[in-house]
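Taking it in order: structure first as structure tokens, then the write-up.
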Amino acid sequence: MLSHSFFDRKTLTVARELPGKYLVRKINGKIWRGKITETEAYVGPHDLACHSSRGKTPRNTPMFAEAGTIYVYFTYGMHWMLNIVTEGKDFPAAVLIRGTENITGPARLTKFFKIDKSLNGKKLGKKTGLWIESDSKIENSKLKILRMPRVGVAYAGKIWANKPYRFIQS
DNA sequence: ACGATGATGAAC
DNA sequence: TTCATCATCGTA
């Protein structure tokens, strides 16, 4: 199980290293796993696509907590988005988990793994029922990772919308 | 290409 | 209190 120290690093590094790791969900003794294939980095308050760029609000408060905290928010009136908080406490940055090998799309992923507001603000771990594991057979440095602009962030302006902060395992 | 669908945050 | 917006998806 990946610990706090994995997430307490530069957000781009974490986003680049999460593909190939396993997202694990445990509910009532049942376990679901999915190999992460796609992530996006939201690198901090200076990043105009990042929720924390407009300061601390009730919604984004979990982003200001320690690395490894779960940040789940609701959007478009029907979808939950799963993020993992990165870097030091009070530096609000996170990685959006966009897809696993069996599921493409951040909203479909949360629906499949039954992730909603009840996990918001909790820490990754067995107690929470959501954590991330590495597979010793998979060497991240050998994976082919494609870098692309982030999706759905045109509102942030060209500079930030065009940053290649989306990581896809091909 | 567009409508669903409602929480969120900023303005008033 | 109102109102535009939204880190999306299914259907057409």
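Protein chains get the first letters and strands the later ones, always in sequence-line order, with residue 1 at the start of each. For clarity, every value in this text was computed on a predicted model and none was experimentally measured.
Atom pair A:Arg108:CZ and C:dC9:P shows a separation of 7 Å (rounding to whole Å applied). What separates CZ of A:Arg54 from P of B:dA7 is a distance of 20 Å, to the nearest Å. For A:Asn120 and B:dA7, the CG to P distance is 15 Å, given to the nearest whole Å. Rounded to whole Å, atom P of C:dT8 lies 12 Å from atom CZ of A:Arg150. Atom C1' of nucleotide C:dC9 and atom CZ of A:Arg98 are separated by 12 Å, given to the nearest angstrom. The separation between A:Leu82 atom CG and C:dT8 atom C1' is 15 Å, rounded to whole Å. Rounded to a whole Å, the NZ atom of A:Lys111 is 14 Å from the C1' atom of B:dT5. In this structure, the OH atom of A:Tyr76 is 9 Å from the P atom of C:dC9, given to the nearest Å.
Both distances falling under 3.5 Å, in either a Watson-Crick or a G-U wobble arrangement, occur for no nucleotide opposite C:dA7.
Using a 4.0 Å heavy-atom cutoff across all strands shown, A:Ala107 reaches sugar-phosphate atoms only and no base atom. As judged by a 4.0 angstrom heavy-atom cut-off over every strand, A:Met81 is placed among residues touching the sugar-phosphate backbone only. Residue contacts for A:Thr57: at a heavy-atom cut-off of 4.0 Å it reaches the sugar-phosphate backbone alone, with no base atom in range.
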What verdict does the side-chain contact (heavy atoms from CB on, under 4.5 Å) test give for A:Trp32 and A:Ile27, after you've listed the backbone C-alpha separation in whole Å, the side-chain angles of each residue and the deciding distance to 0.1 Å? CA-CA 9 Å; A:Trp32 290 265; A:Ile27 303 173; 4.1 Å; yes

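We find that A:Asp135 and A:Arg33 are not joined by a salt bridge, their nearest charged nitrogen and carboxylate oxygen being 4.0 Å or further apart.
For A:Tyr42, whose side chain is taken as the heavy atoms from C-beta onward, the closest listed nucleotide among B:dG9, C:dA7, C:dT8 is C:dA7. Distance from the side chain of A:His79 is smallest to C:dC9 among C:dA7, B:dG9, C:dC9. Nearest to the side-chain atoms of A:Tyr155 among the listed nucleotides C:dT8, C:dC6, B:dT5 stands C:dC6.
Side-chain N or O atoms of A:Thr39 include none that pairs as donor or acceptor with a backbone N or O of A:Leu18 at under 3.5 Å.
At B:dG6, none of the side-chain N or O atoms of A:Lys117 fall inside 4.0 Å of OP1 or OP2 (strictly under the cut-off). Side-chain nitrogen and oxygen atoms of A:His51 include at least one within less than 4.0 Å of the OP1 or OP2 phosphate oxygen of C:dA7.
Both tests do not hold together for A:Arg25 against A:Phe112: distance to the six-membered ring centre under 6.0 Å, angle to the ring axis within 45°.
Stacking between A:Phe74 and B:dG6 is absent: the ring centroid is not both under 5.5 Å from the six-membered base ring centre and under 30° in plane angle.
Between A:His51 and A:Tyr71, the ring planes are perpendicular. Angles over 60° get that label, and only those under 30° would be called parallel.
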